[in-house]
Number of protein chains: 2
Amino acid sequence: MTAGIQPPQATTLEQPALETAREAIADGIEREAMITVFGRCTVDYDGRASSRLEAGDRHVMLKPDGAALVHTNEGQQPVNWQPPGCEHAVRCEDDALVIESLRSTPDERLLVSFQQVLQVSTFAGSDPNEIALVGTEEDLRERILEEPALLESGFTPLATERDTPAGAVDIYGEDSTGRSVVVELKRRRVGPDAVSQLRRYVDALSRDLHADAAVRGILVAPSVTDRADRLLAQHDLEFVSLEPTDG
Amino acid sequence: MTAGIQPPQATTLEQPALETAREAIADGIEREAMITVFGRCTVDYDGRASSRLEAGDRHVMLKPDGAALVHTNEGQQPVNWQPPGCEHAVRCEDDALVIESLRSTPDERLLVSFQQVLQVSTFAGSDPNEIALVGTEEDLRERILEEPALLESGFTPLATERDTPAGAVDIYGEDSTGRSVVVELKRRRVGPDAVSQLRRYVDALSRDLHADAAVRGILVAPSVTDRADRLLAQHDLEFVSLEPTDG
DNA sequence: ATGTTGATTTCGTAA
DNA sequence: TTACGAAGTCAACAT
């Protein structure tokens, strides 16, 4: 039986003893609930890098998919975390409640040691819907494929994700004179990196086709920075201003 | 008086009426506490992109710095969010508890509408310590500056963050023969993008110096992918395998 | 498993 | 404020 088909429920312990908190957390892991713990803790991480965070009051969330998040009262990003797929464990030792989250490939370990727990909660519910997002690079691609003239009059798309030795080109096509065109799409204002990316594709495709006429490269984005603009000119690449959505 | 100097505290309401929940949230915003709400909600976002999420049980966190996070029971990343600096507001309308988080530059709006609230909590505490992180690109740079021979015998660093028309070079220096060297550092295994970046810097510096001898470009990273390796060869760039830390 | 790229990337820093 | 690049980036998708 999965948590998803249960009626939504939330349980809370306030200022529990560490052992009481441990039991609630262990039970929540067992039941595959979302678990939150707030209290005074230290945090240690070791893996791709290493970090240590001395004692402070923080909010820890454990998800049933194995993700772990440690949030302070500032910032959008967690101060420490573990991605989905980790194994969570909880134990009491030396007057501390220790939450350990382990991962392999790469080996990574997150240790949160609570000296004091102010609250433990567990949450179970259902969430059947996926998010619908508009305004992505995918939308920009569809916009151009539906109306290629937005790029330029006479443009004919021939392939998306066309493979080259340097990677997959967003849109590959021909202009009105039959010249090959590589199109790189970005949903927002771009800098030099996007120009370099386009240049790589144009270079690779030129070698691949050993075409008589040079391959054209067109960057499509709402706008470009000055430096990107200079790079475009330097390498005879072109720019078309276009946004992901009409509105 | 700020929350930071208060004794840590946590308050919780279970299955509150919507109006009761609204009061607790409004009070938490006023007191600059961290606030969490768990219940059945829909989520709408409009700004750099747009999204809609139909009804489901989710965990919402509001931080006193203006950040907002909407978490489902899966994934490390929030399904919707708002960065620090936003204004949070809460109100009841049409049998729903509505949390609105607004931002400007760019104009962005996050709307979370709860049909049912299972729990509201507020958290106040202190967190005086900063995280200490080891194993970053900064560490790799320091390692090379302390022992330039790790790069190659006779290498002399002359500048870090040296500016070029294409951006700032991680380390700029000379080899034992006096040739200019551009070093690009990456803390982990790299792909084609890092090679393009190095190439941009070498190009720019070559023009800038209009040197008699070609400028050398060296990529320093633990390892490179096959494609990156081919790109390095294509552009006469070099690679030195090195990790951010000794251990 | 690794490679490649997009992302409402976020975050920090410098100009 | 904008620009540029790092990040324990994460996440999706392909090989």
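We name chains A, B, ... by the order of the sequence lines, and we start the count at 1 in each one. Basis for what follows: all heavy atoms, side chains included, without hydrogens, waters or symmetry-related copies.
dG8(D) atom C1' lies 9 Å from atom CG of Asn80(A), rounded to whole Å. Rounded to an integer number of Å, the gap from Leu111(B) CG to dT8(C) C1' is 15 Å. A straight line from CZ of Arg103(A) to C1' of dT9(D) spans 11 Å, rounded to a whole angstrom. Between the OH atom of Tyr45(A) and the C1' atom of dT9(D) there is a distance of 11 Å, rounded to whole Å. Arg162(B) has its CZ atom 18 Å from the C1' atom of dG5(D), to the nearest Å. Following rounding to the nearest Å, Leu69(B) (CG) and dC10(D) (P) show an atom-to-atom distance of 16 Å. The CG-P distance, from Leu140(B) to dG5(D), rounds to 18 Å in whole Å. Residue Leu133(B) contributes atom CG, which lies 13 Å from atom C1' of dG12(C) at whole-angstrom precision.
Mapped onto DNA chain D by nearest heavy atom, Gly135(B) and Arg189(A) fall at different nucleotides, with Arg189(A) at the one closer to the 5' end.
Listed for the Asp139(A) side chain is a donor-acceptor partner under 3.5 Å among the backbone atoms of Gly135(A). With hydrogens and angles disregarded, no donor-acceptor distance shorter than 3.5 Å links the side chain of His59(B) to the backbone of Asn73(B). Judged by distance alone, the side chain of Asn129(A) and the main-chain N or O of Leu53(B) form no donor-acceptor pair under 3.5 Å.
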Output a table of nitrogen or oxygen pairs between the protein and nucleotides 13-15 of chain C separated by less than 3.5 Å.
none

Using a cut-off of under 3.5 Å, enumerate the N/O to N/O pairs linking the protein to nucleotides 11-14 of chain D.
from, atom 1, to, atom 2, distance (Å)
dA11(D), OP1, Gln76(B), N, 2.9
dA11(D), OP1, Gln77(B), N, 3.1

Using nucleotides 4-6 of chain C, report all nitrogen or oxygen pairs with the protein that are shorter than 3.5 Å.
from, atom 1, to, atom 2, distance (Å)
dT4(C), OP1, Arg227(B), NE, 3.1
dT4(C), OP2, Thr225(B), OG1, 2.6
dT5(C), OP1, Tyr201(A), OH, 2.8
dG6(C), OP1, Glu184(A), OE2, 3.1
dG6(C), OP1, Lys186(A), NZ, 3.1
dG6(C), OP2, Lys186(A), NZ, 2.8

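Checked against side chain to side chain donor-acceptor pair (under 3.5 Å), Arg187(A) has no partners two or more places apart in sequence or in another chain. Residues satisfying the side chain to side chain donor-acceptor pair (under 3.5 Å) test with Asp203(A), not counting sequence neighbours, are Arg199(B).
dT4(C) and dT8(C) have their P atoms separated by 23 Å, with the value rounded to a whole Å. Across the C1' atoms, dA6(D) and dC10(D) are found 14 Å apart, a figure rounded to whole Å.
Remark: Glu161(A) CD is packed, more than 12 non-hydrogen atoms of other residues, nucleotides or ligands lying under 6.0 Å away. Atom CD of Glu243(B) sits in a sparse spot, with 12 or fewer heavy atoms from other residues, nucleotides or ligands closer than 6.0 Å.
When the options His71(B), Glu74(B), Gln76(B) are evaluated for a side chain to side chain donor-acceptor pair (under 3.5 Å) with Lys63(A), the one that passes is His71(B).
Shortest non-hydrogen contact noted between Arg58(B) and Cys41(B) is NH1-O, 2.7 Å. Minimum interatomic distance between Gln82(B) and Ser101(B) (heavy atoms only, all atoms of both residues): NE2-O, 2.9 Å.
Close to dC10(D), at under 4.0 Å from its OP1 or OP2, lies a side-chain N or O of Trp81(A).
To the nearest 0.5 Å, the span separating CG on Leu145(A) from OG1 on Thr160(A) amounts to 6.5 Å. Note that CD of Glu108(B) is 9.5 Å distant from CG of Leu110(B), once rounded to the nearest 0.5 Å.
Here Arg200(A) does not pair with Glu184(A) in a salt bridge; the nearest charged N to carboxylate O distance is not below 4.0 Å.
If you check residues 47-54 of chain B against DNA chain C, the residues with a heavy atom closer than 4.0 Å are Arg48(B), Ala49(B), listed by number.
Ser126(A) and Arg40(B) share a donor-acceptor pair across their side chains, judged by distance under 3.5 Å alone.
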